[in-house]
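Following: one structure in structure tokens, then a few remarks.
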Amino acid sequence: MLASAFAATPVAGADEFAIRVTDQQLNQVDSRLFGHFLEIASFGELGPEALVDPDTGRLPEEVVQQLKQLRPTVIRFPGGIDIDYLDWTDRIDLPGRPDGERRPTSQTRGNTLTNYFGYDEFLELAAELDTQPLLVVNLRRSLEPGADVAAAAEHAAALVAYCNADVDSERLTATDKRWAQQRVANGHAKPW
């Protein structure tokens, strides 16, 4: 991506600056600068939870088309600070949940999240938008007093394995293989 010339120069005899924008290229700009975020609704704002189809986890086509017009080079998901209060596994389908529910609801800051728009739906959308996904992991688990840092790291690594591990790799741990197999069971055979 190219950056146009942008120069701020002092105005003679004043404490002001003049800004001049031209079409002259000065430097390359990392395309990831033009990223975006698609956060869960946790402060009462509307997020994908408000629009997603509960059966498919898909956003309406009109919204997808608008996202395509943004042409984001990277999209952060599922949130920022709030990820520290959520369990990533609530945003994927897992067998053996009570009452046969696909995904449990989550609570954050007094809001109930349906988790209908989860990791698989987001990663599918990122592929459709031809953008890089930026997934956030829970760091708070490892920082709380008395935290089991190894368990927190393993839980974060499980998300990476769910998304990226090749189920046929011989280098996977048993835990990583289980998460890769779960992704396959959830309908995506290849690593995201």
Side-chain angles (χ1 to χ4, degrees), residues 36-42 47-61 63-65 67-68 72 74-80 82-108 111-142 147-192:
H36 213 302
F37 59 91
L38 186 58
E39 292 195 355
I40 55 173
S42 58
E49 301 283 328
L51 300 171
V52 69
D53 181 318
D55 294 324
T56 65
R58 184 147 171 88
L59 293 171
E61 191 56 33
V63 172
V64 173
Q65 291 307 314
L67 289 169
K68 284 181 180 179
V74 63
I75 300 179
R76 182 182 77 183
F77 179 81
D82 283 344
I83 196 67
D84 288 339
Y85 303 96
L86 300 171
D87 186 335
W88 74 266
T89 62
D90 290 345
R91 289 194 166 265
I92 65 167
D93 295 341
L94 285 176
R97 288 197 165 134
D99 302 324
E101 64 185 359
R102 276 183 59 217
R103 299 176 185 163
T105 58
S106 299
Q107 298 291 320
T108 180
N111 296 304
T112 300
L113 306 172
T114 66
N115 293 319
Y116 294 143
F117 188 77
Y119 286 95
D120 291 305
E121 293 82 10
F122 168 71
L123 292 164
E124 184 177 307
L125 176 65
E128 184 176 346
L129 297 176
D130 193 27
T131 188
Q132 291 181 335
L134 175 63
L135 302 181
V136 183
V137 296
N138 183 328
L139 180 61
R140 185 182 185 110
R141 272 180 195 250
S142 63
D148 183 343
V149 175
E154 186 175 305
H155 193 69
L159 172 60
V160 175
Y162 179 83
C163 295
N164 295 330
D166 182 347
V167 74
D168 295 324
S169 174
E170 294 178 12
R171 298 182 335 179
L172 296 179
T173 66
T175 300
D176 290 345
K177 187 168 193 78
R178 182 174 66 89
W179 286 113
Q181 289 169 332
Q182 186 60 53
R183 182 197 64 243
V184 171
N186 288 349
H188 203 272
K190 294 182 179 178
W192 286 106

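Just so it is clear, the model here is predicted, and its values are computed rather than measured. Numbers here simply count residues along the sequence, with the first being 1. The basis for the numbers below is simple: all heavy atoms, side chains too, and nothing from hydrogens, waters or symmetry mates.
Contacts of R91 classified as salt bridge (charged side-chain N to carboxylate O under 4.0 Å, His left out), with partners at least two apart in sequence or in another chain: E49. Residues that satisfy the side-chain hydrogen bond (donor to acceptor under 3.5 Å, both in side chains) test with R97, not counting sequence neighbours, are absent from this structure. The side-chain hydrogen bond (donor to acceptor under 3.5 Å, both in side chains) search around N138 returns none, not counting sequence neighbours. For A158, the side chain to side chain contact (heavy atoms under 4.5 Å, CB included) test picks out W88, W179, with sequence neighbours left out. For D93, the salt bridge (charged side-chain N to carboxylate O under 4.0 Å, His left out) test picks out R102, R103, with sequence neighbours left out. By the side-chain hydrogen bond (donor to acceptor under 3.5 Å, both in side chains) test, D148 pairs with no residue at all, sequence neighbours left out. Legend: residues meeting salt bridge (charged side-chain N to carboxylate O under 4.0 Å, His left out) with D90, ordered by chain and number and at least two apart, are absent. By the ring-ring contact (aromatic ring centres under 6.0 Å, His included) test, Y116 is found to be paired with no residue, residues two or more places apart in sequence or in another chain being considered. Under the rule for a side chain to side chain contact (heavy atoms under 4.5 Å, CB included), the partners of V63 that lie at least two apart in sequence or sit in another chain are L51, L59, P60, L67. Residues passing the side chain to side chain contact (heavy atoms under 4.5 Å, CB included) test with E170: none are found, sequence neighbours excluded. The side chain to side chain contact (heavy atoms under 4.5 Å, CB included) test applied to S169 returns D166, R171, L172, not counting sequence neighbours. Annotation: salt bridge (charged side-chain N to carboxylate O under 4.0 Å, His left out) contacts of E154 (sequence neighbours excluded): none.
Between K177 and Q181, some side-chain heavy-atom pair lies under the 4.5 Å cut-off. Looking at I75 and L125, their side chains never come closer than 4.5 Å, going by heavy atoms from C-beta outward. Within the 4.5 Å cutoff, the side chain of I83 has no heavy atoms near those of the V137 side chain. The side-chain heavy atoms of C163 and L123, taken from C-beta on, include a pair separated by under 4.5 Å. A 4.5 Å side-chain heavy-atom check between R141 and D87 finds at least one atom pair inside the cut-off. Within the 4.5 Å cutoff, the side chain of Y162 has no heavy atoms near those of the T89 side chain. Counting only heavy atoms from C-beta outward, the side chains of E124 and R58 approach each other to under 4.5 Å. No side-chain heavy atom of V136 sits less than 4.5 Å from a side-chain heavy atom of F77.
Checked by atom type and distance alone, the side chain of T131 pairs as donor or acceptor with a backbone atom of P72 at under 3.5 Å.
Taken from CG in D120 to CG in N186, the straight-line distance is 5.5 Å, to the nearest 0.5 Å. In this structure, the separation between CZ on R183 and CD1 on I92 is 10.5 Å, given to the nearest 0.5 Å. Note that CZ of F117 is 12.0 Å distant from CG of D53, once rounded to the nearest 0.5 Å.
The shortest non-hydrogen separation linking A126 to P133 is CB-CB, 4.2 Å. Heavy atoms only, all atoms of each residue included: A165 and P191 are closest at O-CG, 3.6 Å.
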*Kindly indicate, with the supporting measurements, whether the criterion side-chain contact (heavy atoms from CB on, under 4.5 Å) is fulfilled by E121 and V52.*
CA-CA 10 Å; E121 293 82 10; V52 69; 5.9 Å; no

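Results of the side chain to side chain contact (heavy atoms under 4.5 Å, CB included) test with P78 over N115, I40, L38 single out I40 as the only residue that passes.
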